[in-house]
Amino acid sequence: MLARTMSVAVLGLEGHPVEVEADVANGLPGCRVVGLPDASVQESRDRVRAAVVNAGLTWPDRRMTLNLSPGEIPKMGTAFDLPIALAVLAAGQSLDPEAIRGVWSLAELGLDSRLRPVRGVLTAALAAREAGAGLLLVAPENLAEARLVPGLTCRAVVDLASALALVSRGVGDGEDSAVEAPVSLPAACGLGRSPGGGDLAEVKGQPLAKRALEVAAAGGHNLLLIGPPGAGKTMLARRLPGILPPLEAEEALTVTRVYSAAGLLPPGSSLVTERPFRAPHHSVSLAGMVGGGVGVAMPGQVSLAHCGVLFLDEMAEFPPAVLNALRQPLEEGMVTIVRSRCAVSYPASFALVAATNPCPCGYLGSGVRPCRCEPARAAAYLNRLSGPMLDRIDLHVQVGRVPVAELTAGVVGESSQEVRARVMEVRARQADRAAWAGATTNARVPGSRLDALCRLGPEARRLLSRSVESAVLSARSYDRVRRVARTVADLAGSEVVGEDEVAEALMMRNLDRALGQSGG
Amino acid sequence: MDVQTCLSVPPLSTRGWDPTETPQAEALRRLAFLPVLPWKTRALVRRCGSPAAALESVIEEMRSRVGCERVVANLAPGAPGAGRDRPGRGGSGVRLLLPGEPGWPEILESLGDPPCWLFVRGADLGEADPAIAVVGSRRATSYGIEVARRFVSRFASAGAAIVSGAAVGIDAQAHQTAIESGARTIAVTGCGVDVDYPRANHELRARILDSGGSLVSEFRPGGPPRKEGFLDRNRMIAGLCRATVVVEAAERSGALRTGACAQEASRLLFAVPGNVFSAMSTGANRLLADGAAVAASPEDVLEATGLIASPGKPWRPVWRSGVPTGGPGWAGLPENPAAGAVVACLMPAETLPLPVLAERSGLAPPTLAAALLNLEAAGVVRQSLGGVTLLVQG
């Protein structure tokens, strides 16, 4: 007796429809799973058997073959428990095989036959809809996530018995009014909600650093904060997601899929509505940063920070290999991880905020206390950062320690909402230019379009060429300064980049000066 | 203090032995290359009465040890290869100079425990008089660097040789300015004169030699830097000079040790007063309180050492009631209120970190950036990673 049902194999952010076939034939009692299952799928045999028996149903004690087709796609995880159980029961004639034919299901089974949530449900649901699925069965914790896909009827079932009851009633009958219509994305996004991570108004003083955050948010620039311990580098970085524009529906969906693939979505939650903020410790491994793992690679920190902020505290302490691995995501906005069994791509388009001490003791130029480092070591410390990595960071800004008097003073600065409004305005202007500039943010405008995009006033041009001549600016950072100056001009609402904008851009590239001097 | 009394040089014979006698000189040529700290060898010579006796006791000691036969053979009088023109490693032109030989700086004899030999690279030391030592912290502030620059360039124009310790910070600036001003400069190193230490001054050492200066040390060629070695070095810096100027020193600084040696050797000791808020000035200010002479201008030092009769052009402070006077690009700037506000936050030759400047001036970042760039273009301030420095004009 043969029975078929459907499920989805999730590889990274791709879902592949999988047909689960069960065949019960005469022979010695036993069960074999074929179709490139990994160890966790092999285990599902035992789980499913216990669940079926504990649900009071009959496990066919005959020779049974389970096939997950197509056979060349690797299958892993526990999501095949439910479809396997349905197929086995249908093949064992506890259920009408026709009833499960068009049913898609994704859930792990407990030994007590309860359904448990699995990873990657959103990606799977999208793939199921693409393949024309009518009904998708998931665990209750996964329902909110699955319902984000319009045009797909999703149902949560508590245990195997209720799943059976549901499918044998038939897919199409509308008797169960508990089925809610799919939610609309913008509503779920909670657009316009106040962001987490603290408000910018809580940061006292630090006019330079706050300004740099605003410029970074407005132009999509990466940012390096240089300052002594306790200057508030982390506090500042945490507030960047709050002044970035709110997530768009498409972005929110992608972020949710990444988090779902990593198993980081809290049970019962639907959409990630806030821009993520990831701050890996500097002991992070290469695989932890870009993604990796046995079999199919899991998303790493760069992908979990997609559409949000990746914060690298103590950047100079990160292993060079890990920093170098950031180059592909910084350039392309995605990362491809190749493992022996398959290659997966994850999105990884994030705003990089790095923080570092200015020297090993941390107090060089802090004004708090004198630096205790050997001068040569202090210079060498920041030079460790130089090279291709620094080349991808547009803004380097010094952060000072705020005097206690200012910390206790009642002066309240601008709130994140006010800054965000300005940022959104500037981003809209950049989006208008996107067609001919080739990028939606100034930071990503290709060098060939920069001349047209960044029209310099006569004084600005003089100032820039003077800076290049006096070796304050390397030719390499020339383009970076122009991109930043473009954003500053956008914030000022001007189409032509003037002298003041270039002056400010130069001030926000402090390290050019320092490294230039120590180098020559 | 009278210049003549502090420079009265005792004759060589006060050592109790005559370094010009052949056996003593031969013994010194062997002792100098022993891998022992110089002050230990000096103590041995003092205890034994003469270098020859000291060498004899060393040989005696080595004989009693197993495995030292070759050392003994090399040390024994008449052994080939030892002594005379033994070159420094790598043929770097290191010469061994003994007391009484031509070029020996007589001024050293007035030290309590004068060196028994010197290793020299570069020019002879004979003409390096009058010499002034300019020393200070390795972690110099922009104020210290500026003071060293101005003082050394004035000393150079008065014809003084500049002696310092070849370290980074104030020392490096003193050598550097001396070379630029065409003065002789002598670097007393705390390790072998052919040792590349500190690395940061690799080029500076080459420039000192190129400019006709010298590198001097009691340490044998190839001798590595040792913590204890720098005290010997400081003593010799003070000993080579008529006057020692401590430019900038923190609470515990090697420059203070040089100052103490200068006082012990009855040399003139000057300290440059520093900002009382700066931790890097504590040591120099403490020296002033303890009786060092005030070096409020380079002329103070030159006059006391007898290099100039009376100050010609008086030293003028460049700061008056919160506004710098003069300067090439300054003329048009006070009309710009932002530039004025920036300058009002800064003290001459001192560096303020950029974030601190932003807070104190109260200027919005775009305004501040423009003001700083104008000031920098006009030569009023300089920006670096450490912060913004108000340059001293004139």
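Proteins get letters first, then strands, A, B, ... in listed order; numbering begins at 1 in each. All figures in this text were calculated on a predicted structure; none of them were measured in a lab.
- Note: B:Pro366 leads B:Ala370, B:Gly387, B:Pro366 in heavy-atom pairs under 4.5 Å with chain A.
- For the atom pair A:Met507 CE and B:Leu354 CG, the distance stands at 5.5 Å (nearest 0.5 Å).
- In terms of heavy atoms, A:Gln398 sits closest to B:Pro355 at O-CG, 3.5 Å.
- By the neighbour-count criterion of 12 heavy atoms within 6.0 Å, atom CZ of B:Arg286 is sparsely surrounded, having that number or fewer from other residues, nucleotides or ligands.
- Interface remark: B:Leu372 contributes side-chain atoms only to the contact with chain A (heavy atom separation under 4.5 Å).
- By the 6.0 Å contact criterion, CZ on A:Arg427 is enclosed, its count of non-hydrogen atoms from other residues, nucleotides or ligands being greater than 12.
- One N or O on the side chain of B:Glu359 and one on the backbone of A:Gln206 form a donor-acceptor pair closer than 3.5 Å.
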Self-check item: A:Leu208 and B:Leu368: CA distance, side-chain angles, deciding distance, side chain to side chain contact (heavy atoms under 4.5 Å, CB included) verdict
Solution: CA-CA 9 Å; A:Leu208 288 183; B:Leu368 177 64; 4.2 Å; yes
